[in-house]
Asker: 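So that we are looking at the same thing, I have put the structure below in structure tokens.
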2 protein chains.
Amino acid sequence: MPKYHDELDAVLRALADPTRRAVVERLASSPAVVSELAAPFSMALPSLLQHLRILEDAGVVTSEKHGRVRTVSLRPGALDVLHLWLGEQRTPAERQADRLGVHLTRTTPKD
Amino acid sequence: MPKYHDELDAVLRALADPTRRAVVERLASSPAVVSELAAPFSMALPSLLQHLRILEDAGVVTSEKHGRVRTVSLRPGALDVLHLWLGEQRTPAERQADRLGVHLTRTTPKD
DNA sequence: CTAATAGTTAGGCATATGCCTAAGTATCAC
DNA sequence: GTGATACTTAGGCATATGCCTAACTATTAG
């Protein structure tokens, strides 16, 4: 079992929760302060902070406190380990499709 | 929140467990029967079966019983939803790096 | 300086999770 | 037909998880 599995484990466990996933989605566009991150959830602040702790411990986010304000950022490359692992879990049929240049047709999302 | 999030949730929760992840890794190369899947784990069979149930309910694997033998397969495309979501969780810096054609250097794995 | 703001720590609770054992069903080999 | 094999069902248990409230610390505005 490769060494990156500890990191992969932490990342996947972190992302297995919908609240934490939503936080990651929000941070993908720009860093945010804790209170902003907490706003969409009708959840006690300590609970949200616990989620942030998990994301930070998993290396998915980083945070910096300036005065009384803590800003949270997505760590660039944090999800690469998962991306890599995903690439490895392809069936022979999927790999064959890759070689033949047959891909899922991706519709362009409307921004 | 897009509709695929139910599917994404199920997949991520399924993959958050190391036993289930190991099962997926094994199935990536070829289908396997339950007893073979159970062999590497010193775990009671019903426990392993519970894991398989979760993977199947999440749409990650499929299984067929012939006689007394059940064969489990990775569902091609099962992890695409996660792959797509991952693609969306890139920081502006990472997206910029994409546009500039700056990529993680991938060493070619030795097969 | 006081009150408000932003976050932190500590403890608790209900539910979920990952494991177990025991008992059972269905199929197969001899 | 009997015993072995492969899986299935049911129930239970210890621990983890995701939430809560209360109390607190640190910073800031007026």
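Chain A is the first sequence line, chain B the second, and so forth, proteins listed ahead of strands; every chain is numbered from 1.
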Asker: If you assign each of A:Met43 and B:Val33 to its closest nucleotide in DNA chain D, which residue comes earlier from the 5' end?
Answerer: B:Val33
Asker: Which of these nucleotides, C:dA6, D:dA4, D:dC20, is closest to any side-chain atom of A:Pro46?
Answerer: D:dC20
Asker: By nearest atom, which of the nucleotides C:dC19, C:dT8, C:dG7 is closest to the B:Asp17 side chain?
Answerer: C:dC19
Asker: For the residue pair B:Leu12 and A:Leu12, what are the closest heavy atoms and their distance?
Answerer: CD2-CD2, 3.6 Å
Asker: I need the CG-C1' distance between A:Asp9 and D:dA16, as an integer number of Å.
Answerer: 13 Å
Asker: So, for A:Leu8 and A:Val81, which heavy atoms are closest and what is the spacing to 0.1 Å?
Answerer: CD1-O, 4.0 Å
Asker: Measure the distance from CG on A:Leu45 to C1' on C:dA10 and round it to the nearest whole Å.
Answerer: 15 Å
Asker: Verify, without hydrogens or angle tests, whether B:Arg75 (side chain) and B:Glu56 (backbone) share a donor-acceptor contact under 3.5 angstrom.
Answerer: no
Asker: OP1, OP2 of C:dG7 versus side-chain N and O of A:Ser35: anything below 4.0 Å?
Answerer: yes
Asker: Expressed as a whole number of angstroms, how long is the span from A:His66:NE2 to D:dA26:P?
Answerer: 18 Å
Asker: Find which nucleotide of DNA chain D each of A:Ala16 and A:Lys65 is nearest to by heavy atoms, and output the residue with the more 5' nucleotide.
Answerer: A:Ala16
Asker: Which residue is it: B:Val23, B:Thr19, B:Asp17? I am looking for the one with a side-chain contact (heavy atoms from CB on, under 4.5 Å) to B:Leu55.
Answerer: B:Val23
Asker: How many Å lie between CZ on A:Arg68 and P on D:dT27, as a whole number?
Answerer: 11 Å
Asker: Nearest-Å distance, CZ (B:Arg70) to C1' (D:dT8)?
Answerer: 9 Å
Asker: Donor-acceptor check, side chain of A:Arg21 to backbone of A:Leu15, threshold 3.5 angstrom: yes or no?
Answerer: yes
Asker: Under 4.0 Å, counting only non-hydrogen atoms across every strand here, what does B:Thr71 touch: a base, just sugar-phosphate, or nothing?
Answerer: nothing
Asker: Mind listing the side-chain donor-acceptor pairs of residues 30-49 of chain B below 3.5 Å, one per line with the distance, residues two or more places apart or on another chain?
Answerer:
unit_1  : atom_1 : unit_2  : atom_2 : d
B:Ser30 : OG     : B:Arg26 : NH1    : 3.3
B:Glu36 : OE2    : B:Arg26 : NE     : 3.0
B:Glu36 : OE2    : B:Arg26 : NH2    : 2.5

Asker: Can you measure B:Arg13 atom CZ to D:dG18 atom C1' for me and round it to whole angstrom units?
Answerer: 10 Å
Asker: Backbone N or O of B:Leu86 within a donor-acceptor pair of the B:Gln89 side chain at under 3.5 Å?
Answerer: no
Asker: For DNA chain C, which residues in residues 47-60 of chain A have a heavy atom at a distance below 4.0 Å?
Answerer: A:Leu49
Asker: Rounded to the nearest Å, what distance is computed from the CG atom of residue B:Leu12 to the C1' atom of nucleotide D:dT17?
Answerer: 17 Å
